[in-house]
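Below is one structure; the comments refer to it alone.
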Amino acid sequence: MTRGRAGPSFLRHSLTLAWRGVIKTINSTEALIDVTLQPIIFLLLFVYVFGGAISGDTTSYLQFALPGVLVQTVVFASIGTGVALAEDLHTGIFDRFRSLPIARSAPLLGAIGADLVRYLTSGVIMLVFGMLLGFRVATDPLSVLAAMGLVMVFAFALCWIFTALAMVVKGPRSVQGLSMLVMMPLTFGSNVFVPASTMPGWLQAFVDINPVSKTADAVRGLLLGGPVAGPATAALLTAAVIVAIFAPLAVMLYRRRT
């Protein structure tokens with residue numbers, strides 16, 4: 001492979017393996033259910049279980065909760081990237097990739113690319129179903145696209161954390177268990193489900209710096225109107241730092257393990 005063609009070849013290899021992941025999802029009943037039904041179940045449960053108690057009625061709570069639940073769904077789904085990679089490492093498929101004339105890190109980017117398609121599908125389904133329930137966007141189509149793009153960028157960053165984790169633990173269950181220890185405080189210790197003003201002061205301090213809260217605030221602003229620049233900048237900076245740290249780390253650990 002010549003030096004001039006390394007970039008295009010790397011991109012082609014990554015896209016090919018991403019398409020492999022998409023096809024794998026389409027051909028898996030369990031994966032399709034996870035993509036299509038899970039966001040609907042999340043939204044129904046949170047709105048109709050908590051809505052009356054928190055906002056007094058489900059309609060008002062739907063307007064507040066849907067942007068946050070959209071972020072929460074994608075954040076939780078990003079754990080699946082690490083779990084799937086751990087399963088592939090356990091089955092030996094990456095040993096086959098190593099024997100192929102492809103870029104060493106292409107399987108990682110391919111797996112993450114396929115999962116981003118899955119996350120985007122889940123997000124669109126949740127947004128459309130929310131509109132059927134009564135959610136109303138108060139901005140414009142361009143803002144909706146920006147909201148989905150911000151969620152995808154944040155999910156892309158989180159994928160690298162769980163990718164690196166998959167390279168250092170022994171099995172998929174370990175990846176899932178350790179990932180939940182991280183993601184549970186980040187998602188539930190945020191303003192995704194309730195306003196931070198209802199929380200005790202010490203918890204508000206954590207919520208205010210939580211990147212999940214910043215992402216949820218930015219998505220609310222983009223969908224419903226309100227401040228966007230500040231929380232979006234904080235979310236994007238956090239995503240950039242995560243990628244800068246964990247992407248090279250994940251690639252290095254992958255090369256050592258394979």
Side-chain angles (χ1 to χ4, degrees), residues 30-81 83 115 118-139 143-144 147-152 154-155 158 162 176-177 179-200 203-204 206-228 231-232 235:
E30 296 82 1
L32 282 176
I33 290 175
D34 181 57
V35 169
T36 57
L37 291 184
Q38 181 173 296
I40 293 175
I41 293 172
F42 268 150
L43 190 62
L44 288 174
L45 284 176
F46 286 122
V47 170
Y48 291 104
V49 171
F50 298 126
I54 295 174
S55 297
D57 65 274
T58 56
T59 301
S60 299
Y61 187 66
L62 177 64
Q63 289 296 113
F64 173 84
L66 186 141
V69 176
L70 174 63
V71 175
Q72 184 253 7
T73 299
V74 175
V75 165
F76 266 112
S78 65
I79 297 175
T81 300
V83 174
D115 283 335
R118 184 162 59 90
Y119 306 155
L120 180 60
T121 303
S122 293
V124 171
I125 289 174
M126 174 172 287
L127 189 58
V128 171
F129 187 72
M131 290 179 177
L132 293 177
L133 293 180
F135 179 80
R136 294 296 177 262
V137 175
T139 53
S143 297
V144 175
M148 295 301 299
L150 179 62
V151 174
M152 291 301 107
F154 191 63
L158 291 178
F162 303 121
Q176 187 169 19
S179 299
M180 291 299 292
L181 288 177
V182 175
M183 299 315 301
M184 289 291 284
L186 282 177
T187 52
F188 287 95
S190 70
N191 61 5
V192 165
F193 305 108
V194 296
S197 58
T198 64
M199 304 176 188
L203 185 54
Q204 287 186 38
F206 174 75
V207 171
D208 288 340
I209 63 172
N210 187 343
V212 173
S213 296
K214 297 299 184 184
T215 307
D217 282 338
V219 172
R220 285 194 182 101
L222 288 166
L223 295 181
L224 302 175
V228 174

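This one's a predicted model, so the numbers in the text were calculated from it and none came from an experiment. Numbers here are sequence positions counted from 1.
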May I have the list of side-chain donor-acceptor pairs in residues 207-215 shorter than 3.5 Å, sequence neighbours left out?
| from | atom 1 | to | atom 2 | distance (Å) |
| --- | --- | --- | --- | --- |
| Asn210 | OD1 | Val212 | N | 2.9 |
| Asn210 | ND2 | Leu186 | O | 2.7 |
| Asn210 | ND2 | Gly189 | O | 3.0 |
| Ser213 | OG | Asn191 | N | 3.3 |
| Ser213 | OG | Val207 | O | 3.1 |
| Lys214 | NZ | Asp208 | O | 3.1 |
| Thr215 | OG1 | Pro211 | O | 2.8 |

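Atoms OH and OG, on Tyr119 and Ser78 in that order, are 5.5 Å from each other to the nearest 0.5 Å. Of the inter-residue distances, the one linking Phe162 atom CZ with Ile79 atom CD1 reads 5.0 Å to the nearest 0.5 angstrom. Here CD of Gln72 is found 5.0 Å from CZ of Phe42. Values are rounded to the nearest 0.5 Å. A distance of 11.0 Å separates CD in Gln63 from OG1 in Thr58, rounded to the nearest 0.5 Å.
Across every non-hydrogen atom of Pro231 and Asp217, the tightest pair is CB-CB, 3.8 Å. Taking each heavy atom of Pro185 and Phe206 in turn, the nearest pair found is O-CE2, 3.8 Å. Shown here for Pro67 and Leu223, the closest heavy-atom pair between the two residues is CG-CD1, 4.1 Å. When every heavy atom of Leu70 is checked against every heavy atom of Gly123, the shortest pair comes out as CD1-CA, 3.5 Å.
Side-chain atoms of Arg220 do not come within 3.5 Å of backbone N or O of Gly225 as any donor-acceptor pair.
Residues passing the side chain to side chain contact (heavy atoms under 4.5 Å, CB included) test with Val194, sequence neighbours excluded: Ile54, Thr198, Met199. The side chain to side chain contact (heavy atoms under 4.5 Å, CB included) check on Ile40 picks up Leu44, Ile125, Phe129, with sequence neighbours excluded. Residues that satisfy the side chain to side chain contact (heavy atoms under 4.5 Å, CB included) test with Leu120, not counting sequence neighbours, are Val124, Met148, Met152. For Phe193, the ring-ring contact (aromatic ring centres under 6.0 Å, His included) partners are Phe46, Phe188, not counting sequence neighbours. Here Thr139 pairs with nothing under the side-chain hydrogen bond (donor to acceptor under 3.5 Å, both in side chains) rule; sequence neighbours left out.
Proximity of Val192 to Thr187: side-chain heavy atoms (C-beta onward) are nowhere separated by under 4.5 Å. Side-chain contact check for Leu127 versus Leu66: some heavy-atom pair is nearer than 4.5 Å. Between Phe76 and Met184 there is a side-chain heavy-atom pair separated by less than 4.5 Å. When side chains are defined from C-beta on, Leu150 does not count as touching Val71, because their heavy atoms never get closer than 4.5 Å. No side-chain heavy atom of Val47 sits under 4.5 Å from any side-chain heavy atom of Leu133.
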